[in-house]
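Beneath this line is the structure, given in C-alpha cells, with notes to follow.
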Amino acid sequence: MDKIKIKVGNEFYLVEVAQTDEEKEKGLQNRESLPEKEGMLFLFDDDREEVSI
Amino acid sequence: MKDTIIPLDIVFIDSDLSVKSIHKGEPLSEKLMTEENTSYVLEVNTGSSIKIGDELEFSPDIKVKKDKMVVLNEEGVPQMELEGGERIFSRPNTKILIKFAKKAYASRKDNDYKALGKRIFKFLKAQNDSEPEYVTKK
C-alpha cells in the first residue's frame, strides 16, 4: 500500500492509509512488527462519527 | 486489539486535525476503544511522544513564509509569491484552505474535494461582494 508522510506534534511518520471498510477492518492485524516511525492512518467521514477500534 | 500482536498507541483525531485522546492498544485483546467525533485514527508503535492537542499535518509540507504569501496550483506546487499588501486570500483563510486541501490530498475523496471547492467559492464571493480595501503604509 502507498505510504504518505504526516507530522503529529513534533514527529514525522510514514503511514499507510486505510480508507475502505475492508482496509479499516483489517488495520494492522496479523503483522509481526511495525517499523520505528511507521503506522496506519484510518479515515472516517466528517459527520462527527463515533469510532470503535 | 483483535488479531494484532504489535503494542500500539491508538490516537483519536477530530475534524480540526487535533489529537483528542491516545489509548494504549493491548495485543490480542477483544476490548474496544471508542471515541465520538472522530475523523482520523492513527496507529503507531507504543511509546510515541504524541500528546493531546497535537496537530495532524499532511505532507507535502506547505509553508507560508512570514510577510509573504505563496500561491499554489492544484498539485500544491508554488506558482508565485506575493509580498504583503496584495491578497488573494487572507492569511487566516489561506490556512483554512490549506487544511481542506491537505485533507483531500490524503483521502482522494470526492466529498473532500467538494468541501474544498465550496470553501474557495465562499471566500471568493465574499471578496467579490466587498468594497476594495486599501492598505495604508505604517
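Lettering follows sequence order; numbering is per chain, from 1.
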Taking side chain as everything from C-beta outward and backbone as N, CA, C, O, which of these in [X] sits under 4.5 Å from a heavy atom of chain A? Side chain, backbone, both or neither.
X: Ala106(B); value: both
X: Leu8(B); value: side chain
X: Leu56(B); value: both
X: Met33(B); value: both

Heavy-atom neighbours of Glu25(A) CD exceed 12 at 6.0 Å: no
Do other residues, nucleotides or ligands put more than 12 heavy atoms under 6.0 Å from the CG atom of Asn10(A)?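 Incorrect, the count does not exceed 12.
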What pairs with Ile120(B) under side-chain contact (heavy atoms from CB on, under 4.5 Å), at least two apart in sequence or on another chain?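 Once residues adjacent in sequence are excluded, the partners of Ile120(B) under the side-chain contact (heavy atoms from CB on, under 4.5 Å) criterion are Phe89(B), Leu97(B), Leu116(B), Leu124(B).
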Write down the atom of Phe42(A), the atom of Glu43(B), and the distance for their closest heavy-atom approach.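 Where Phe42(A) meets Glu43(B) most closely, the heavy atoms are CE1-CD, 3.4 Å.
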Which is it for Tyr13(A) and Ile50(B) under the side chain to side chain contact (heavy atoms under 4.5 Å, CB included) test, yes or no, and what are the steps along the way? CA-CA 11 Å; Tyr13(A) 294 91; Ile50(B) 295 172; 3.7 Å; yes
Examine distances only and state if a side-chain atom of Asn45(B) and a backbone atom of Leu34(A) form a donor-acceptor pair shorter than 3.5 Å. yes
[X] portion near chain B, given a 4.5 angstrom heavy-atom threshold:
X: Ile4(A); value: side chain
X: Val51(A); value: both
X: Glu38(A); value: backbone

Thr4(B) OG1 to Lys26(A) NZ distance, which is reported to the nearest 0.5 Å: 10.5 Å
Find the one option among Thr34(B), Leu42(B), Val41(B) whose heavy-atom pairs under 4.5 Å with chain A are most numerous.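 Of the candidates given, the most pairs with chain A belong to Val41(B).
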